[in-house]
Amino acid sequence: MRIERLPISVLRTRYVPGGWDLLAFVLVFAFFVYVAQAAHGLAGSLARLEATPISLAPAALVGYAARTALRMLIAMLASLLFTFTYATLAAKSRRAEVILVPLLDFLQSVPILGFSITILFFLQLTPGRVAGAEMAAVFLIFTSQAWNMAFSFYHSLRSIPDELVEVARNFQLSPWMRFWRLEVPFGMPALIWNMMMSMSGGWFFVVASEAISVGHTTVTLPGVGSYIARAIEQKNLAAIGWAIAAMFVVILIFDQLLFRPLTASADWFRLEQETGLTPSHSWALTMMRRSRVLGLVGRAFAAMLRAGMKPRAPAAAGQARRVSPWNARWVDCAWYALLGLIGLAALWKTTRFVLGEVHAAEIGRVILLGFLTLLRVAVLIALASLVWVPIGVWVGLRPRVVSIVQPIAQFLAAFPANLLFPIVVSGIVLLRLNPDIWLSPLMILGTQWYILFNVIVGASALSPDLRYAGENLGVRGWLWWRRVGLPAVFPFYVTGAITASGGSWNASIVAEVVSWGKEKLTAHGLGAYIAEAINAADFRRTVLGIVVLSLFVVTLNRLFWRPLYARAERKFRIS
């Protein structure tokens, strides 16, 4: 019998199912062990947890990092579910859009410390148990992730080319089938990048999520965030260094096992495919494709999705489309009137609550503080746009550079502002600088990356035909930016700028009041006002500050950012 010998190059790439199955089994088993260890103690006593101080020993960071990562993963799954439901309803229902999009603007503008009031609600769900505090921490992380993802998916649904919509209509796809076959694949590339940014946003506010303090109620959960808060309190630079190292390891694991496979698989969903382009690679994605165990799980999930994918029955020829009575104009008027009444009732309730202790003069001062914070946000967004738009376009046009920049930008975006407090506070005190100016960059530290990531997505989606046409016609320099580059990324830039602007307002609470040991610096602004009100458990002034901040953000979005996006949607829409 003749045995055919294969070349070494073939043997190296030959499919060996046993090896991939073994690796997949080890990773899945390790994940369940990690979940079991991280979830240990959920039913324990909250009093015992509070009696156990956070240890600054480097070895303790292993368990702390595991618990923080599990909270962020659960919050990410909840944010994805929220995105698919909330953003889809806002994009498809004209009446729902009227209330859901402004509400999303409002929720994005509410600082994470403003949501910390909900800890009292979660603690009452499980009296005396750790589970309530854990749910509060996950909810706070969720509020730093969900709004950005929802905005991204909403804008993607609004930007689907008319040709694809017409094809789906001609094939008579059911709403369920259209969602999974057209809308999710079209919005997936931008959503994946914004998922990475949302995960980084969770890291940015991890201290506020795990070391929660509302007046006299303080809950400190074991995690990287509470470890950082303890290190800042004790001015322990070595512990801060260990926290940075732990963050880097966890972010690297998320990048390799979650985001790198998602980015590589995003090539399936691109509207334009360029010949000769080397696709992205991920060893984890290769393992998932070749593992029989994970293949069974994937086929079961696909079968569950196909269960609702039944095509519509073909309509009879010449059959007139029935007009629903719900589309009548009087229904619109009744709906808008109902929303107006609800808004007036909420405004009256809030006004009565705030004016119980706050005088009109203080309200005017709070509005003035809002304008000071507005000035900081406007200057910082303009500077970040000048820096990151050209860099994002350059990176997005080079897929190989994207794979290098992605983990670096993700780590920088996840870098909490609290870790820079030693440098910032020491520098301002030693050089006698003005906190109103030099604390401002902390506001944009974590949010500027929304602009970079969205511009990279827009540049990556630039049509190869358009790019080659520009090269053949000799379009270069400023003419290329004006006619090709900026119009292509403009809708994506507006999405990133809206989120970066809202995130900067949110970060003002962390950036306008900083401390290092006993040193405390405060800048004049709305964020500092809200932070001091929350620490003093002054709920009326907390509500006043949050309402004023939200009105600033919603007004800016309505009068400035939304018209910009509407123009981008009309003039620069993919067709």
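Being a predicted model, the structure only gives us computed values, none of them experimental. Basis for what follows: all heavy atoms, side chains included, without hydrogens, waters or symmetry-related copies.
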Let's go through I253 and V249 carefully: what are the C-alpha distance in whole Å and the side-chain angles of both, what is the deciding distance for side chain to side chain contact (heavy atoms under 4.5 Å, CB included) to 0.1 Å, and is it a yes or a no? CA-CA 6 Å; I253 293 174; V249 171; 4.1 Å; yes
For T373 and M443, what are the C-alpha separation, side-chain angles and deciding distance, and is it a side chain to side chain contact (heavy atoms under 4.5 Å, CB included)? CA-CA 10 Å; T373 303; M443 295 171 58; 4.0 Å; yes
Does the pair V250 and M72 meet the rule for a side chain to side chain contact (heavy atoms under 4.5 Å, CB included), with working shown? CA-CA 11 Å; V250 176; M72 299 188 70; over 6 Å; no
Derivation and outcome, side chain to side chain contact (heavy atoms under 4.5 Å, CB included), residues L556 and W505: CA-CA 12 Å; L556 284 173; W505 282 93; 4.1 Å; yes
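To the nearest 0.5 Å, the span separating CG on L433 from CH2 on W438 amounts to 6.0 Å. Here the CD1 atom belonging to I381 is positioned 4.0 Å from the OG atom belonging to S504, to the nearest 0.5 angstrom. L257 contributes atom CG, which lies 11.0 Å from atom CG of L262 (distance to the nearest 0.5 angstrom). Interatomic distance, CE of M199 versus CD1 of I251, reported as 9.5 Å (0.5 Å rounding). Atom-to-atom distance recorded for H524:NE2 and R365:CZ is 9.0 Å, nearest 0.5 angstrom. Taken from OG in S440 to CG in N434, the straight-line distance is 8.5 Å, to the nearest 0.5 Å.
Looking at E210, its side chain never comes within 3.5 Å of a backbone N or O of A137 through a donor-acceptor pair. Within the 3.5 Å criterion, the main-chain N or O of N194 finds a donor-acceptor partner in the side chain of S198. The backbone N or O of Y450 lies less than 3.5 Å from a partner atom in the side chain of N454, making a donor-acceptor pair. Y227 places a side-chain N or O within donor-acceptor distance of the main-chain N or O of L56, the cut-off being under 3.5 Å. Here the side chain of Q145 pairs a donor or acceptor atom with the backbone of M76 at under 3.5 angstrom. Side-chain atoms of S55 never come within 3.5 Å of backbone atoms of A60 as a donor-acceptor pair (strictly under, hydrogens ignored). Under the 3.5 Å distance criterion, the side-chain polar atoms of R376 are matched with a main-chain donor or acceptor of D436. S79 places a side-chain N or O within donor-acceptor distance of the main-chain N or O of A75, the cut-off being under 3.5 Å. Side-chain atoms of E512 come within 3.5 Å of backbone atoms of G527 as a donor-acceptor pair (strictly under, hydrogens ignored). N557 contributes no side-chain N or O that, together with a main-chain N or O of I498, makes up a donor-acceptor pair within less than 3.5 Å.
The shortest side-chain heavy-atom distance between L104 and L100 does not fall under the 4.5 Å cut-off. Between S385 and I451, the closest side-chain pair of non-hydrogen atoms falls below 4.5 Å. Between L383 and V387, the closest side-chain pair of non-hydrogen atoms is not below 4.5 Å. A heavy-atom distance below 4.5 Å is found between the side chains of T68 and W203. L372 is listed as a side-chain neighbour of L369, based on a closest heavy-atom distance under 4.5 Å. Using a 4.5 Å heavy-atom cutoff, the side chains of Y86 and L103 are in contact. In this structure, the side chains of L221 and E134 come closer than 4.5 Å at one or more pairs of heavy atoms. Residues I232 and I240 have side chains in contact (heavy-atom distance under 4.5 Å, counting atoms from C-beta outward).
Across every non-hydrogen atom of G202 and I141, the tightest pair is CA-CG2, 4.3 Å. Considering all non-hydrogen atoms of both residues, V554 and P102 come closest at CG2-O, 4.3 Å. Between S152 and T495, the closest heavy-atom pair is CA-CG2, 4.4 Å. In plain terms, the two heavy atoms of S226 and T220 that are nearest each other are CB-CG2, 3.5 Å. Among all heavy-atom pairs drawn from I509 and A531, the shortest one is CG2-CB, 3.7 Å. When all heavy atoms of L191 and F84 are compared, the pair lying nearest together is CD2-CE2, 3.9 Å.
The aromatic rings of F142 and F82 sit perpendicular, their planes meeting at an angle over 60°, well past the 30° parallel limit. Classification of the W449-W388 ring pair by plane angle, with boundaries at 30° and 60°, yields tilted. Ring geometry for F122 versus F139: interplanar angle of 30 to 60°, hence tilted.
Centroid-to-centroid, the aromatic rings of W147 and Y154 stay 6.0 Å apart or farther.
Remark: W561 CH2 is packed, more than 12 non-hydrogen atoms of other residues, nucleotides or ligands lying under 6.0 Å away.
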